[in-house]
Amino acid sequence: QVQLVESGGGLVQPGGSLILACTASGSISEFAMAWYRQAAGNRRELLGNIHSGGTAAYSESVRNRFIISRDNTKKTVYLQLNDLKYEDTATYYCKNEDAPSDEAAWGPGTLVTVSS
C-alpha cells in the first residue's frame, strides 16, 4: 500500500508563496490525487485534484491562486500556494483518491501558517 508524506509547510507572510510536496512510497502514476486543508475548528476542505494524466481541477475558493501539478517519475504531487492570506492558515493534506481505504488514502499533513 502506498504511503504519502507531505512537506514544505511553514511560516509565510501574507502575499507570499509556498510549494508543498506530497511524496509517495510507491508509484502513483495511475492514481488521481487531491489536496485538502483543514483549519482549526473547521472541516477538511477539498482544494483540488489532479488526474493521472495531469489534468487539474480546483475549488472556487482557491482557483487562480493555487496550482496542482505532479511528477510521476518522482512519485510526487505538488501544491503551489500563491498570494497567501491569513485564512489560508491550515494543515494541508494530500490524498490518494484511488486508495483502497480511507485510512490508506491520507498523508499526515503539513502545517502552513500565514502571519506577519
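Just so we're clear, the structure is a prediction, and the values are computed from it rather than from any experiment.
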S.K.: Answer yes if the side chains of Asn82 and Ser17 hold a donor-acceptor pair under 3.5 Å, and no otherwise.
M.R.: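 Side-chain D/A pair, Asn82 to Ser17: present.
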S.K.: Just by modelled atom types, is the Ala32 backbone N or O under 3.5 Å from a matching donor or acceptor in the Glu97 side chain?
M.R.: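 No, because the side chain of Glu97 does not come within donor-acceptor range (under 3.5 Å) of the backbone of Ala32.
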S.K.: Do we see a donor-acceptor contact under 3.5 Å between the side chains of Tyr92 and Arg37?
M.R.: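 The answer is yes; a qualifying pair exists.
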S.K.: Roughly how far, to the nearest 0.5 Å, is the CG atom of Leu4 from the CG atom of Asn96?
M.R.: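 Rounded to the nearest 0.5 Å, the CG-CG separation comes to 6.0 Å.
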S.K.: Please check if any side-chain donor atom of Ser61 sits under 3.5 Å from a side-chain acceptor atom of Ser59, or the reverse.
M.R.: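 Judged by distance alone, the side chains do pair up.
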S.K.: Would you say that more than 12 heavy atoms from the other residues, nucleotides or ligands in this model lie under 6.0 Å from the CG of Asn64, or not?
M.R.: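 No, the 6.0 Å shell around CG holds no more than 12 heavy atoms from other groups.
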S.K.: Give a yes or no answer on whether the side chain of Tyr58 reaches the backbone of Asn49 with a donor-acceptor pair at less than 3.5 Å.
M.R.: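 Checked: no pair found.
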S.K.: Would you check if the side chain of Arg44 reaches a backbone N or O of Gln38 as a donor-acceptor pair within less than 3.5 Å?
M.R.: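 The answer is no, because no donor-acceptor pair under 3.5 Å joins these two groups.
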S.K.: Any non-hydrogen side-chain atom of Thr55 less than 4.5 Å from a side-chain atom of Ile50?
M.R.: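 The answer is no, as the side chains (C-beta and beyond) never meet within the 4.5 Å cut-off.
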S.K.: Please identify which of these residues, Lys95, Gln3, Glu6, meets the side chain to side chain contact (heavy atoms under 4.5 Å, CB included) condition with Trp106.
M.R.: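 Testing Trp106 for a side chain to side chain contact (heavy atoms under 4.5 Å, CB included) against Lys95, Gln3, Glu6 leaves exactly one candidate, Lys95.
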S.K.: Looking at Arg70 and Ile28, would you say the former's side chain and the latter's main chain have a donor-acceptor pair under 3.5 Å?
M.R.: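 Such a contact is found between Arg70 side chain and Ile28 backbone.
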S.K.: Taking the six-membered ring for Trp, is the centroid-to-centroid distance between Trp35 and Phe66 below 6.0 Å?
M.R.: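 Centroid separation for Trp35 and Phe66: 6.0 Å or greater.
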S.K.: Within a radius of less than 6.0 Å around CD of Glu103, do more than 12 heavy atoms belonging to other residues, nucleotides or ligands occur?
M.R.: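 Check fails, neighbour count at 12 or below.
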S.K.: Ser7 vs Thr110, test: side-chain contact (heavy atoms from CB on, under 4.5 Å). Steps then yes/no.
M.R.: CA-CA 6 Å; Ser7 61; Thr110 186; 5.5 Å; no
S.K.: Nearest 0.5 Å, please: how far is OG1 in Thr113 from CG in Leu111?
M.R.: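 So the CG of Leu111 and the OG1 of Thr113 are separated by 4.0 Å.
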S.K.: Could you tell me whether the side chain of Asp88 and the main chain of Lys85 form a donor-acceptor pair under 3.5 Å?
M.R.: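 Side chain of Asp88 to backbone of Lys85: a pair is present.
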S.K.: Just how far is it from atom CG of Asn72 to atom OG of Ser52, taken to the nearest 0.5 Å?
M.R.: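 So the gap between those two atoms works out to 8.0 Å.
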S.K.: Between CD of Gln1 and OG of Ser101, what distance do you get to the nearest 0.5 Å?
M.R.: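 With rounding to 0.5 Å, CD (Gln1) is 5.5 Å from OG (Ser101).
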S.K.: Drop me the distance from Leu47's CG to Leu81's CG, to the nearest 0.5 angstrom.
M.R.: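 Answer for the CG-CG pair, Leu47 versus Leu81, is 8.0 Å.
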S.K.: With a 4.5 Å cut-off on side-chain heavy-atom distances among I, L, V, M, F, W and Y, is there a chain of contacts connecting Leu20 to Phe31?
M.R.: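 Yes; tracing contacts between hydrophobic side chains, which count when under 4.5 Å, links both residues.
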S.K.: Would the distance check show the side chain of Thr89 and the main-chain N or O of Val114 forming a donor-acceptor pair, the cut-off being under 3.5 Å?
M.R.: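 Confirmed, Thr89 side chain pairs with Val114 backbone.
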S.K.: Rounded to the nearest 0.5 Å, how far apart are OH of Tyr36 and SG of Cys94?
M.R.: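 Rounded to the nearest 0.5 Å, the OH-SG separation comes out at 11.5 Å.
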S.K.: Is there a side-chain contact between Tyr78 and Cys22, using heavy atoms and a 4.5 Å cut-off?
M.R.: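 The answer is no, as the side chains (C-beta and beyond) never meet within the 4.5 Å cut-off.
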